[in-house]
Amino acid sequence: MSPVLAMILWLLPAAMAAQLELAVDSSELAIGQTIALQVQLVDGVGQGMPQLANQEGVSLRYQGQSQSTVVVNFNTTRIVRFNYALTGT
């Protein structure tokens, strides 16, 4: 196997790796307050919505999903966003 082909095969999984990002509207949450929570899957293939378990002191409601595709200099990035409402209980 040529060294160039070996390097391409070694780098291929890293180039195809997905990112999972989590974003919230606020770093603080009071009882009765609701904030948006978003889980983003960047360049990955999801199999349905992420299953997020409710934790003590908060309630989590699924609000839907959106997706977008961005092309910059012939590089395509696919982003799937899962939106939740997080309420302090």
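Quick note: numbers below take in every heavy atom, side chains included, and nothing from hydrogens, waters or symmetry partners.
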Under 4.5 Å between side-chain heavy atoms, chaining through other members, with only Ile, Leu, Val, Met, Phe, Trp and Tyr counted: pull out the rest of the cluster around Phe74, sorted by chain and number. none
Which residues share a side chain to side chain donor-acceptor pair (under 3.5 Å) with Ser66, sequence neighbours left out: none
Give the cluster check for Val71 versus Val42: same hydrophobic cluster or not, with ILVMFWY residues linked at side-chain heavy-atom distances below 4.5 Å. no
Test side-chain contact (heavy atoms from CB on, under 4.5 Å) on Leu29 and Val58; report intermediate values, then the result. CA-CA 9 Å; Leu29 181 64; Val58 295; 3.8 Å; yes
Taken in chain and number order and not counting sequence neighbours, the residues that satisfy side-chain contact (heavy atoms from CB on, under 4.5 Å) with Ala36 are Asp25
N/O donor-acceptor pairs under 3.5 Å from side chains in residues 79-86, not counting sequence neighbours:
| from | atom 1 | to | atom 2 | distance (Å) |
| --- | --- | --- | --- | --- |
| Arg81 | NE | Gln40 | OE1 | 3.0 |
| Arg81 | NH1 | Ser68 | OG | 3.2 |
| Asn83 | OD1 | Gln38 | NE2 | 2.9 |
| Tyr84 | OH | Pro50 | O | 2.8 |

Residue pairs involving residues 21-45 (criterion ring-ring contact (aromatic ring centres under 6.0 Å, His included); sequence neighbours excluded): none
Any heavy-atom pair between the side chains of Thr69 and Thr77 that's under 4.5 Å? no
What residues, two or more places apart in sequence or in another chain, satisfy side-chain contact (heavy atoms from CB on, under 4.5 Å) together with Thr89? Ser59
Results of side chain to side chain donor-acceptor pair (under 3.5 Å) for Gln65 - residues two or more places apart only: none
Listed by chain and number, what are the side-chain contact (heavy atoms from CB on, under 4.5 Å) partners of Ser26, not counting sequence neighbours? Glu28, Ile35
By side-chain contact (heavy atoms from CB on, under 4.5 Å), Ile31 pairs with (sequence neighbours left out) none
Between atom CG of Leu37 and atom CZ of Arg61, what is the distance when rounded to the nearest 0.5 Å? 12.0 Å
